[in-house]
Amino acid sequence: MKETDLKRIFDSMTEAYYRVNTGGSIVEVNPRAVSMFGYDSMDEMKGLRLTRDFFPNEAMRREFLESLSNDGTITSITGMLRRKDGSLI
């Protein structure tokens with residue numbers, strides 16, 4: 001599969017996708033995540049910290065970090081997340 005094909009799939013996904021580095025900062029995000037979280041661009045979201053900027057409470061942050069520590073990866077998150085305007089989704 002060509003890189004252009006993969007980019008087309010990534011850009012047209014109906015689910016929000018984001019990838020974070022080991023420090024918890026967003027390094028990659030798709031257009032669906034940008035619109036879902038109310039940001040203006042992918043660049044605006046890059047560098048934001050997932051646990052600080054999107055998790056609305058300490059319990060969710062702790063659960064995420066424990067799972068990451070135990071498993072080394074997270075494939076999905078269930079719960080409310082904070083949008084740019086502060087509303088929850």
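This structure is a prediction, so every number in the text was calculated from the model and none was measured. Every heavy atom of this structure was used, including side-chain atoms; hydrogens, water molecules and symmetry mates were not.
No side-chain heavy atom of Arg49 sits under 4.5 Å from any side-chain heavy atom of Val20.
Distance check, rounded to the nearest 0.5 Å: CZ of Arg19 to CG of Leu50 gives 13.0 Å. In this structure, CZ in Phe64 is found 7.0 Å from OG1 in Thr51, a value given to the nearest 0.5 Å. Atoms NZ and OG, from Lys7 and Ser12 in turn, are 10.0 Å apart once rounded to the nearest 0.5 Å. Going from atom CD1 of Ile26 over to atom CE of Met42 covers 12.5 Å, rounded to the nearest 0.5 Å. The CZ atom of Arg61 sits 13.5 Å away from the CD atom of Glu66 when rounded to the nearest 0.5 Å.
The side chain to side chain contact (heavy atoms under 4.5 Å, CB included) check on Lys2 picks up Thr4, Asp5, with sequence neighbours excluded. Taking the side chain to side chain contact (heavy atoms under 4.5 Å, CB included) definition, one finds that Met13 meets it with Phe10, Glu15, Tyr17, Asn30, sequence neighbours left out.
A 6.0 Å sphere centred on CD of Glu3 holds no more than 12 heavy atoms belonging to other residues, nucleotides or ligands.
Side chain of Ser35 to main chain of Arg32: a donor-acceptor pair is present (N/O by atom type, distance under 3.5 Å, no hydrogens or angles).
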List, one per line, each side-chain donor-acceptor pair under 3.5 Å for residues 80-89, sequence neighbours excluded.
| from | atom 1 | to | atom 2 | distance (Å) |
| --- | --- | --- | --- | --- |
| Arg82 | NH2 | Phe55 | O | 3.4 |
| Arg83 | NE | Ser87 | OG | 3.3 |
| Arg83 | NH1 | Met36 | O | 2.4 |
| Lys84 | NZ | Glu44 | OE2 | 2.5 |
| Asp85 | OD1 | Ser87 | N | 2.8 |
| Asp85 | OD1 | Ser87 | OG | 2.6 |

Q: Could you please spell out the steps behind the side chain to side chain contact (heavy atoms under 4.5 Å, CB included) verdict for Val29 and Tyr39?
A: CA-CA 11 Å; Val29 60; Tyr39 287 85; over 6 Å; no

**Q.** Residue pair Val27, Lys46: steps toward the side chain to side chain contact (heavy atoms under 4.5 Å, CB included) verdict
**A.** CA-CA 5 Å; Val27 295; Lys46 288 180 182 175; over 6 Å; no

Q. After noting the C-alpha distance and the side-chain angles of Tyr18 and Phe37, does the key distance pass the side chain to side chain contact (heavy atoms under 4.5 Å, CB included) rule?
A. CA-CA 11 Å; Tyr18 47 87; Phe37 289 106; 4.3 Å; yes

